[in-house]
Structures are given as structure tokens and as C-alpha cells.
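What follows is a single structure, written as C-alpha cells, with notes after it.
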Amino acid sequence: MRQGKPMTIYAEMAAHLNAALDALEKGGVLPAGLDRGPITLEPPRDASHGDMATNAAMVLTKGAGKPPRVLAEALAAELGALDAVRWVDIAGPGFINLTLSDDAWRGELRQIQALGDDYGRSNIGGGTTVNVEYVSANPTGPMHMGHCRGAVVGDALAQMLEYSGHRVVREYYVNDAGGQVDVLARSVHLRYCEALGANVGEIPEGLYPGDYLVPVGQALAAEFGDRFVSGDDGAWLALFRTRAVAAMLDLIRADLALLGIHHDLFTSEAAIQADGLPAAAEIWLRAHDLVYDGVLEAPKGEVAEDWEPVELPLFRSSQFGDDQDRPIKKSDGSWTYFGADLAYHHEKAKRADALIDIWGADHAGTVKRIKAAVAALTGGKTGFDVKLVQMVRLLRDGEPVKMSKRSGNFVTLADVVREVGKDVVRFTMLTRKADAQMDFDFARVVEATKDNPVFYVNYAHARAASMARRAAEAGVDYAAADHDAIDLSHLDTVDLGLARIAATFPRMVESAATAREPHRIAFYLNDLAAAFHGWYNLGNDDPSRRVVQAENAERTMAKLFLTSAIGQILRNGLHLMGVEPVDEMR
RNA sequence: GCGCCCGUAGCUCAGCAGGAUAGAGCAUCAGAUUCCUAAUCUGGGGGCCGUGGGUUCGAAUCCCGCCGGGCGCGCCA
């Protein structure tokens with residue numbers, strides 16, 4: 001039966017289903033070569049239908065030229081003969097419902113324990129490389145809460161993809177070539193002068209006012225003295241830009257570290273340009289008639305008075321569904337953000353099989369052009385997905401927190417992490433699907449109630465851990481026991497209901513990774529925690545259902561085995577989210 | 001005007017590559033502490049899944065139109 005490399009129960013049953021279909025082909029019930037792609041084997045919504053259900057008979061009816069019930073009966077006969085299957089029935093339009101034996105579920109619990117941290121890991125990625133670019137905040141200041149959700153979603157996604165058999169590169173694109181870094185350099189110059197005793201007064205409109213630039217100015221003053229106080233900015237602008245960006249990246253890296261986020265690669269836009277990549281891309285695109293010199297139409301909607309038609313090199317993004325063609329260079333000859341960005345994506349595509357960008361929803365309008373450019377430059381060979389992450393509204397005491405970048409009065413990521421903790425921030429950011437707006441209420445995310453999934457899931461894990469402690473106090477030492485020798489026949493069908501939910505973890509992770517939707521982990525964990533809390537509370541009415549039963553060490557051991565398997569699943573899920581499981585709550 | 005996202009219980013949201021009687025939490029009502037954290041649990045009430053078509057054995061899910069809401073829209077980043 002269970003031999004070779006360990007298989008989870010869904011994988012095992014899927015293999016059995018395939019073998020049964022092979023048998024039907026051999027017996028002439030099914031023609032050979034039917035597409036089995038649409039066949040599913042999944043838990044039915046209604047648990048009373050059994051443990052697993054397959055639509056195989058309905059899906060194959062057309063190709064087989066036989067009614068679903070006929071196919072279902074033949075298939076049911078094959079499947080019913082399996083040891084693991086206790087009961088088969090055919091229902092509705094032709095569903096085949098399987099009820100597995102208790103021993104099959106007991107076996108799955110052992111599988112969870114045997115695989116441990118790897119229960120849920122898969123190789124659906126087949127070792128292909130996925131590049132996930134996330135955060136990529138402008139290097140002009142510390143991280144603020146506007147960056148937070150994309151950071152967490154991207155990081156959890158990367159983690160999930162790795163767990164699902166991809167090689168993952170976590171990348172940060174440093175926008176160090178635009179006008180905003182000149183502004184940064186000038187803002188730092190002001191702080192530099194200030195450090196040398198100049199009275200700078202109010203920070204002028206158009207420069208970054210934040211105090212975080214003060215130490216950068218001081219460091220430059222200490223290093224260069226008053227050499228750059230007066231005189232042409234050509235003498236210092238490039239130097240200050242470099243130093244300021246480096247300092248900002250240090251701040252950003254430190255902020256990300258607070259969230260447990262570490263990128264593998266920081267790629268500089270300026271370096272991309274210095275290496276001539278945009279120019280090379282332009283030549284290629286011109287050769288393929290995807291870039292031409294043309295004049296943009298005036299913008300629709302609100303009419304701008306300062307609109308002037310200018311001839312620019314334009315990318316034919318309108319051929320790919322964009323509203324209009326997009327310039328890759330400005331009228332002063334420098335590259336637009338888009339012009340550099342397409343070259344950057346081309347570069348990334350050379351070293352990965354698939355690209356994923358995590359962007360804020362405010363950049364939604366630019367998705368089409370970059371997708372079009374990437375498709376053109378890679379010949380459509382590299383998968384490219386842009387995941388948009390919607391805004392987070394910060395609430396304190398039910399009131400929206402006002403933020404203004406201008407005054408420097410934005411809520412920093414570091415402040416929030418300090419206030420509520422890394423794990424609360426990470427978990428909360430994953431409790432909505434990425435493309436739905438969400439509220440982040442400072443009071444609610446730290447609430448210790450079941451309304452707060454962060455707490456609720458962690459509580460389940462802590463509860464699982466505390467049971468082993470309590471049992472030890474009562475003289476049943478689970479940690480020291482020989483786990484293979486524990487007799488799981490003490491677990492009945494009710495107990496094994498938890499195993500049924502736990503067993504769906506691997507397929508849930510796979511589907512979440514495939515769909516690139518890390519929030520599904522959070523919802524699953526919440527469901528598992530609920531089932532676990534419910535199971536635990538059965539002991540209130542019926543003492544024989546308690547976990548710790550000092551007078552019955554064997555039964556206690558079996559219950560602890562189950563408890564610890566659930567703890568393992570909770571841990572594996574939390575790990576994917578980048579959240580530390582807690583063993584104890586105070 | 002155009003593009004993207006969204007419309008599911010009173011509120012906040014899930015709904016797993018279409019599946020069987022649509023789920024959870026909050027709120028509300030009724031219950032449960034001889035036990036491992038009641039920081040929890042059990043049960044009730046509450047829905048034309050925005051709307052009209054289409055695809056098929058089967059649609060909240062896929063396609064098209066409409067209605068309603070959010071966001072974005074210049075050579076910015």
C-alpha cells in the first residue's frame with residue numbers, strides 16, 4: 001500500500017481513481033485516451049455526502065457515449081474494492097461519493113506527523129524559477145503603511161511558491177533614476193547645510209521635509225566639511241543622490257526586516273539605464289515596428305491648458321488593448337519610467353521562467369502597457385502576472401487616520417509594527433483577498449476575541465501546545481513517548497473529523513499557490529482553528545472526550561497525537577504567512 | 001470619455017480552476033464553565049449571490065449587455 005515516497009491521502013486516492021479508470025479502459029467500458037483533465041476528486045461541500053467526491057462519471061459521459069450512472073456504477077465497483085474505502089455511493093446527477101475507513105484517516109494523521117514541516121509541500125512548480133518583485137517603494141524615505149500590504153502579500157506569495165516547488169527570486173526594483181531622487185538629493189543638501197550651522201528654517205515646498213534626512217546630512221557634513229555648501233549643484237548633486245539613496249535603502253531594509261522581509265536582489269533603475277538596456281530594447285522594438293515616432297493625443301477628461309503636442313518615441317501599446325500608445329522617452333531625451341521599466345522586465349525575463357509584480361492599485365492603469373511590452377520582448381514565452389493590491393484604510397477608534405505626505409505626517413510601517421507587532425500586521429494583511437479594499441483598525445487587530453483571526457488561530461495553536469503541557473503535569477508525557485507506538489484506535493469518527501480538515505491542507509496550498517492568492521491560507525487556518533476549538537469543547541459535555549484523561553493514558557496519548565498533528569498544520573500555514581506560531585498566550 | 005477592480009445575510013467578508021440544500025465572523029435570540037486558557041463552544045432566526053441574456057448535464061463562479069460603487073487616466077513614479 002503505502003510505499004515509496006510518502007503520499008498524502010488525496011494524492012493517493014487520486015492515483016487510485018486513475019488506476020480505476022485505467023481498468024475501465026481495459027475492460028472496454030471507457031474508450032482509451034479520454035481527457036481526464038476536468039476530473040476532480042475533492043471533499044464535498046456537505047460532509048454527509050462522504051469524505052471525497054468525484055465528478056468523473058459526469059465529465060466522461062460525453063466521450064464515453066454512456067450515461068453517467070452507468071459509468072458511475074462501474075467506477076464505484078472498482079473504488080469500493082479498495083481497503084481505504086469503507087463506503088461508495090452514487091448520488092445526484094452522477095457524483096461518486098467515497099467514505100474512507102477510519103484507518104485511512106488514522107494513517108493520514110501519521111503522515112502529517114511523519115512529514116512534519118513538509119506536510120503541504122509539493123513540487124507542482126517543477127523547479128521553475130519565479131521572480132517576484134514586490135515593495136519597490138521609491139527610495140526617498142522610510143516605509144509607510146501604504147507600502148505594507150504589497151510587502152506582506154508579495155512575501156507570503158514568494159514563500160508559498162517556494163513551498164510549492166518553485167525557485168523564487170525576491171526582487172526589489174529601486175527607482176533611483178527619476179526626478180524624485182534629485183529632489184531627495186536637494187533635500188539632503190539642505191540638511192547638510194543645516195548640519196554645518198546654516199539656519200534653513202521651514203523646509204521649502206517641493207522638498208522632502210522628514211526628519212529622517214537629518215542624520216544623512218550630518219554624515220555628509222562630517223565626511224566632506226563645508227566643501228559643497230556653496231557653488232554649482234553639479235559639484236554635489238550626483239554624489240548626494242548616491243549617498244541619499246543608499247541611506248534610504250538602509251532605512252527601507254531595516255523597516256522590511258521588522259516585518260521579516262528580506263529581498264534577494266535590489267536592482268537599480270539607474271544601473272539599468274547606465275547599462276544601456278532601454279536603448280537596446282528600443283532598437284529591437286523599432287525593428288519590429290512596435291516603437292515609432294509620433295505625437296500623443298491630448299488627454300481626455302479634464303482638459304489641461306498646458307498641453308502641447310510633441311513628437312516622441314511611442315510604444316504601440318494600443319495594439320494590446322491600451323487606450324493609447326505610450327512614450328518611452330521624454331522630450332528632453334531621458335527615459336520615461338515606462339521606457340526603463342520595460343527594459344528591466346526584459347532583463348528579469350532572461351533569468352526567470354515567470355514574473356510576478358506586486359503593485360499598488362493606483363498603478364492599475366499601467367498594467368496593459370507593461371504586459372504588452374513584456375509579451376513583445378519575450379515573444380510571449382515568459383509568464384507575467386501583475387497582482388494589484390488595493391488600498392488599506394487605517395482606522396483608530398473607528399475614525400480614519402489622516403495621512404499627508406507633504407507634511408511628513410504619514411504613518412510609518414515601523415511605528416505600526418512597534419505598536420501591534422509583526423505577526424499581527426502580517427496576518428491581518430492577508431485576511432482579505434488582495435484586490436479587495438480593507439480596513440486596518442488598530443484596536444481590533446489586537447483584540448483577543450474570535451472576531452480577530454490573528455488571535456483566534458494563534459489561540460488554537462497555543463491551546464494545542466498547552467495540552468501537551470497539561471498532560472505532562474498529569475503524568476502523561478507525550479514528548480517522551482514513542483509516537484509510532486501510540487494506538488490510534490482510540491480516535492473515533494468524531495475525532496477523525498479533524499483529520500479530514502487537516503488533510504485538505506496540501507491541496508489548499510497548491511490551489512492558493514496556483515491562483516497566487518495567499519489570503520486563502522488565512523481563511524483555511526481560521527476554519528481549521530474553529531473545528532479544533534469546537535472539538536476541544538466537546539469535552540465540556542462529555543468527559544470521555546477530553547484530551548487529558550489522567551486515568552486513561554493510552555487514550556490521552558492518541559488524543560495528543562491528533563492535537564499535535566493539528567498544531568503541525570497550523571504551524572505550517574502560519575509559516576507560509578510569515579507569522580510565528582505562539583505556544584502560550586498571556 | 002476610456003481602462004481596471006468590486007456588487008453574496010442588517011454589517012465585514014469567504015466561496016477552493018462550474019458541481020449536489022450558498023458559508024463564516026460580528027450583531028441578535030436561546031443555551032453550555034466538576035476539565036486541558038469560557039480569550040471558547042452549541043443551536044435558532046436572517047439570502048431572487050446587483051440585473052437581463054448566453055454557454056452546458058449543472059453557473060455566485062465562465063462570456064456579453066445594462067445598473068450601481070471605488071480607483072486610475074497626461075513626457076509623473
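A note on names: the letters A, B, ... follow the listed sequences, proteins ahead of strands, and every chain is numbered from 1. This is a predicted model, so every value here is computed, not measured.
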With a non-hydrogen cut-off below 4.0 angstrom, is A:P44 in contact with a base, only sugar-phosphate, or nothing? base
Given B:U37, B:G15, B:A32, the nucleotide with the shortest approach to the side chain of A:S466: B:U37
At 4.0 Å (heavy atoms only), tell me whether A:V386 reaches a base, stays on the sugar-phosphate, or touches nothing. nothing
Candidate nucleotides B:C75, B:G19, B:A14, ranked by approach to the side chain of A:M58 - the nearest: B:G19
For B:A14 versus B:A24, give the span between their P atoms, rounded off to a whole number of Å. 16 Å
Please determine if a side-chain N or O atom of A:Y456 lies less than 4.0 Å away from the OP1 or OP2 oxygen of B:C41. yes
Is there a side-chain contact between A:K330 and the phosphate of B:A77, meaning an N or O under 4.0 Å from OP1 or OP2? yes
Taking donor-acceptor contacts at under 3.5 Å, does the side chain of A:N97 reach the base of B:A20? yes
Should we say atom CE of A:M391 is surrounded by more than 12 heavy atoms from elsewhere, each under 6.0 Å from it? no
Looking across every strand, which nucleic acid part, if any, lies under 4.0 Å from A:A53 by heavy atom: base, sugar-phosphate, or nothing? base
When you check the gap from the basic side-chain N to the acidic O, do A:E282 and A:R286 get nearer than 4.0 Å? yes
Go ahead and name the base partner of B:G47; Watson-Crick or wobble counts if both distances stay under 3.5 Å, otherwise write none. none
Under-4.0 Å side-chain N/O to phosphate OP1/OP2 contact, A:H519 with B:G15: yes
May I ask you to say whether A:K348 pairs ionically with A:E133, meaning some side-chain N is under 4.0 Å from a carboxylate O? yes
With the stacking rule set at 5.5 Å and 30°, tell me whether A:F523 counts as stacking on B:A14. no
Could you work out the separation of B:G1 and B:U28 based on their C1' atoms and round it to a whole Å? 47 Å
Sticking with atom C1', work out how far B:C2 lies from B:G53, rounded to a whole angstrom. 25 Å
Would you say the base of B:C75 and the side-chain of A:S331 have a donor-acceptor pair closer than 3.5 Å? yes
Of the candidates B:C16, B:U40, B:U34, the side chain of A:N537 sits closest to B:U40
So, is A:R326 near the phosphate of B:C73, with a side-chain N or O under 4.0 Å from OP1 or OP2? no
If each of A:K329 and A:G539 is mapped to the nucleotide of RNA chain B with the nearest heavy atom, which maps nearer the 5' terminus, i.e. the 5' end? A:G539
For A:Y459 and B:U37, give me the distance from atom OH to atom C1', rounded to whole Å. 4 Å
Rounded to the Å, how far apart are A:Y208 OH and B:A77 C1'? 9 Å
Cationic tip of A:R326 above A:F338 ring, under 6.0 Å, 45° of axis: no
Rounded to whole Å, how long is the line connecting atom CD1 of A:I96 with atom P of B:G19? 17 Å
5' priority, RNA chain B, between A:E584 and A:D435 [closest heavy atom]: A:D435
At less than 4.0 Å, is any side-chain N or O atom of A:K62 found next to OP1 or OP2 of B:C57? Yes or no. yes
Whole-Å P distance, B:C4 and B:C16: 22 Å
Rounded distance in Å - CZ (A:R516) to C1' (B:A17): 13 Å
Closest to the A:P327 side chain: B:C75, B:G15, B:U37? B:C75
B:C13 and B:C76: how far apart are their C1' atoms, nearest whole angstrom? 35 Å
To the nearest Å, how far apart are A:W359 CH2 and B:A77 P? 14 Å
Considering only atom P, compute the distance from B:C71 to B:A60 and round it to an integer number of Å. 30 Å
Check ion pair A:R241-A:D176 (N to O, under 4.0 angstrom): no
Report the nucleotide, chosen from B:G19, B:C41, B:A77, that has the shortest atom-to-atom distance to any side-chain atom of A:N55. B:G19
By ring-ring contact (aromatic ring centres under 6.0 Å, His included), A:Y172 pairs with (sequence neighbours left out) A:H263, A:F266
Suppose you measure atom C1' in B:U12 against the same atom in B:G46; what distance do you get, rounded to whole Å? 16 Å
Find the distance A:R369:CZ to B:C4:C1' and express it as a whole number of Å. 12 Å
Rounded distance in Å between the P positions of B:G45 and B:G25: 15 Å
Select base, sugar-phosphate, or nothing to describe what A:R520 touches, counting heavy atoms under 4.0 Å on all strands. sugar-phosphate
Of B:A20, B:C4, B:A17, the nucleotide closest to the side chain of A:H49 is B:A20
From CD1 of A:I521 across to P of B:A14 the rounded distance in Å is 16 Å
How is A:G179 classified with respect to the nucleic acid when contacts are heavy atoms under 4.0 Å: base, sugar-phosphate, or nothing? sugar-phosphate
Select base, sugar-phosphate, or nothing to describe what A:R432 touches, counting heavy atoms under 4.0 Å on all strands. sugar-phosphate
Give a yes/no on whether any side-chain N or O of A:K450 is located under 4.0 angstrom from OP1 or OP2 of B:A24. no
Under 6.0 Å between ring centres, would you say that holds for A:H49 and A:F95? no
Is B:A17 in the syn range, within 90° of 0, or in the anti range? syn
Quick one: does A:H363 reach the base of B:A77 with a side-chain donor-acceptor pair under 3.5 Å? yes
By the Watson-Crick or G-U definition, both distances under 3.5 Å, B:C4 is matched with B:G70
Looking at A:R444, I want to see if its CZ is surrounded by more than 12 non-hydrogen atoms of other residues, nucleotides or ligands under 6.0 Å. no
Any A:T556 side-chain heavy atom under 4.5 Å of A:Y478 side chain: no
I need the CE-P distance between A:M508 and B:A17, as an integer number of Å. 12 Å
Checking base pairs now: Watson-Crick or wobble, both atom distances under 3.5 Å. What partners B:G52? B:C64
